Amino acid sequence: MTSASLASRLRVPSGPLFFPVTAYAPDGSLDLETFRTHVRGGVEAGAAAVFACCGTGEFHALTPEEFQECVAAAVEESAGRVPVVAGAGYGTALAVRYARLAEEAGADGLLAMPPYLVVAGQEGLVRHYTELAAATSLDVIVYQRDNAVLTPATVVELARADGIIGFKDGLGDMDLMQRTVSAVRAEVPGDFLYFNGLPTAELTGLAYRGIGVTLYSSAVFCFAPDIALAFHRAFNAGTPEGDALVNRLVDGFYRPFVELRALGRGYAVSLVKAGVRLGGLDVGPVRPPLHEPAGEHVKRLAELVEQGRELLATTHPGAGA
Ligand SMILES: O=C([O-])C(=O)C[C@H](O)[C@@H](O)C(=O)[O-]
């Protein structure tokens, strides 16, 4: 059954969870070859899973046909080495349609994005996610952010539903998250998965680990895999030395990156894409309604990546090369 296998493959990840950007050609069309190169590079660099066409992958900007082509390409490039999870969203009917497209493309699971536009009540949210899960053979991870904020009781209900294997938090309310983890632990047997899914989740990694959430998404892995991998190793070591390196990377790289990423609307995606281009892979610009980051911010990003690498080189000579 897929559900056990995706959950078990994600439970103790061997590397960062990779959320690739989607590549476009100069005329704005999908650039599948470059997308393939990006995904292949991430898998070969040590990603533990590929989350294709999610927030960083501009799910919102893709047609259903482009979505399916990208997911199929991610599946081919991953070649069974790591699982592929695809975004699925909008209203329930369209989310189900995306789920079917992802299924046909060979994905292993879905990241359920917040439903489009409306701010729904808990009862409707439960129906939305459970109907999505019931309509697909793929395992579903529910993504809390923006207009989809769930109470602990709702997450308990979702954790009991067939096919819903995890919960990704992009909200960052630690009180709510702690209550959610506690409620599910008390009421639902089994290992429900939690993901720290805040933008640049590494920043809050130690805080989330304190409440039992050790899985996290990494946008930095898209453009500085060496830094993201060093962080991942140090974080998962769980030793005083590992935590000390985590803190050095937070102080010298992740915190300033988070602050830079907060300077523009949509930078959560566009700055990451700029980072991939800085690394030499021309993944093109973001599609509207997002816009490109200011030149001075891209320059600052290049400096930060250098700074992060210097930190690695001084900590573990050779590691930043
Ligand atoms: O949907 C998405 O792309 C994400 O939530 C993953 C990102 O890596 C997120 O953690 C971020 O933007 O740093």
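The shown structure was predicted, so the numbers you read here are calculated from the model rather than taken from an experiment. Just the heavy atoms: all of them, side chains too, but no hydrogens, waters or symmetry mates, feed the values below.
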**Study point:** Step-by-step side chain to side chain contact (heavy atoms under 4.5 Å, CB included) determination, Leu111 to Val142
**Key:** CA-CA 6 Å; Leu111 180 64; Val142 173; over 6 Å; no
Point to revise | Stepwise side chain to side chain contact (heavy atoms under 4.5 Å, CB included) check, Met177 with Arg179 | key: CA-CA 5 Å; Met177 194 59 184; Arg179 286 185 291 116; over 6 Å; no
Check your understanding: Is Leu290 isolated, or which residues cluster with it under the ILVMFWY side-chain rule of less than 4.5 Å, directly or via members?
Key ->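 Val269, Val286, all in the cluster of Leu290.
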Practice item. Please name the residue in the list Asp243, Asn236, Thr204, Thr214 that meets the side-chain hydrogen bond (donor to acceptor under 3.5 Å, both in side chains) test with Arg209. Key: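 The option that passes is Asp243.
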Review point. Only one of Tyr194, Tyr208, Tyr216 forms a side-chain hydrogen bond (donor to acceptor under 3.5 Å, both in side chains) with Asp169, so which one is it?
Key: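 One option only clears the test, and that one is Tyr208.
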Any sub-3.5 Å donor-acceptor pair from [X]'s side-chain atoms to [Y]'s backbone N or O?
X: Asn196; Y: Val213; answer: no
X: Lys168; Y: Leu193; answer: no
X: Thr136; Y: Leu138; answer: yes
X: Ser182; Y: Gln178; answer: no

Review point. Considering the options Phe18, Phe19, Phe257, which one meets the ring-ring contact (aromatic ring centres under 6.0 Å, His included) requirement together with Phe223?
Key: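 Result for ring-ring contact (aromatic ring centres under 6.0 Å, His included) with Phe223: Phe257.
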Review point. Yes or no on side chain to side chain contact (heavy atoms under 4.5 Å, CB included) for Gln307 and Leu311, after CA distance, side-chain angles and deciding distance?
Key: CA-CA 6 Å; Gln307 209 170 292; Leu311 207 51; over 6 Å; no
Using 0.5 Å steps for rounding, measure from the [atom1] atom of [X] to the [atom2] atom of [Y].
X: His232; Y: Leu17; atom1: NE2; atom2: CG; value: 6.5 Å
X: Phe35; Y: Tyr24; atom1: CZ; atom2: OH; value: 10.0 Å
X: Leu271; Y: Thr56; atom1: CG; atom2: OG1; value: 11.5 Å
X: Ile164; Y: Asp139; atom1: CD1; atom2: CG; value: 10.0 Å
X: Gln144; Y: Leu158; atom1: CD; atom2: CG; value: 10.5 Å
X: Leu30; Y: Thr63; atom1: CG; atom2: OG1; value: 8.0 Å

Regarding [X] and [Y], does a basic nitrogen lie under 4.0 Å from an acidic carboxylate oxygen?
X: Arg277; Y: Glu292; answer: yes
X: Arg287; Y: Glu66; answer: yes
X: Glu33; Y: Arg36; answer: yes
X: Glu303; Y: Arg300; answer: yes

Compare all side-chain heavy atoms of [X] with those of [Y] and state whether any distance is below 4.5 angstrom.
X: His38; Y: Arg40; answer: no
X: Pro64; Y: Arg97; answer: yes
X: His60; Y: Pro289; answer: yes
X: Arg233; Y: Leu229; answer: yes
X: Ile141; Y: Phe167; answer: no
X: Gln68; Y: Val71; answer: no
X: Leu125; Y: Pro115; answer: yes
X: Val250; Y: Leu203; answer: yes

With clusters defined by side-chain heavy atoms of hydrophobic residues (ILVMFWY) lying less than 4.5 Å apart, directly or transitively, does [Y] cluster with [X]?
X: Ile211; Y: Leu198; value: yes
X: Leu171; Y: Phe51; value: no
X: Val149; Y: Tyr129; value: no
X: Leu150; Y: Met174; value: yes
X: Tyr116; Y: Val118; value: no

Check [X] against [Y] and note the closest heavy-atom contact, atom names and distance.
X: Ala48; Y: Val82; result: O-CB, 3.4 Å
X: Val298; Y: Pro293; result: CG2-CG, 3.8 Å
X: Cys222; Y: Val21; result: SG-N, 4.2 Å
X: Leu312; Y: Ile227; result: CD1-CA, 3.9 Å
X: Thr130; Y: Ala161; result: CG2-CB, 3.8 Å
X: Val305; Y: Ala224; result: CG1-CB, 4.4 Å

Review point. Given Tyr254 and Phe231, is the ring pair (Phe, Tyr, Trp, His ring centres under 6.0 Å) satisfied, shown in steps?
Key: CA-CA 10 Å; Tyr254 283 102; Phe231 179 97; 5.1 Å; yes
Practice item. Show the numbers, then the answer: is there a side-chain hydrogen bond (donor to acceptor under 3.5 Å, both in side chains) between Tyr143 and Arg145? Key: CA-CA 6 Å; Tyr143 188 3; Arg145 61 180 271 187; 3.1 Å; yes
Scan side-chain atoms only and decide if [X] and [Y] contain a donor-acceptor pair under the 3.5 Å cut-off.
X: Thr37; Y: Thr34; result: no
X: Glu131; Y: Thr92; result: no
X: Arg261; Y: Thr200; result: yes
X: Thr154; Y: Gln122; result: yes

Check your understanding: Do Phe67 and Tyr98 have ring centroids that are under 6.0 Å from one another?
Key ->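 Between Tyr98 and Phe67, the centre distance is under 6.0 Å.
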Check your understanding: Do Phe59 and Tyr90 pass the ring pair (Phe, Tyr, Trp, His ring centres under 6.0 Å) test, and can you show the C-alpha distance, the side-chain angles, and the key distance before you say yes or no?
Key -> CA-CA 10 Å; Phe59 173 77; Tyr90 305 115; 5.1 Å; yes
Review point. Does Asp162 CG have over 12 foreign heavy atoms under 6.0 Å away?
Key: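 No, not enclosed.
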Review point. How about Arg81: does its CZ atom have over 12 heavy atoms from other parts shown lying under 6.0 Å from it?
Key: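 Atom CZ in Arg81 is crowded, with more than 12 foreign heavy atoms closer than 6.0 Å.
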**Study point:** Test log, rule side chain to side chain contact (heavy atoms under 4.5 Å, CB included), inputs Leu260 and Leu263
**Key:** CA-CA 5 Å; Leu260 182 63; Leu263 291 181; 3.9 Å; yes
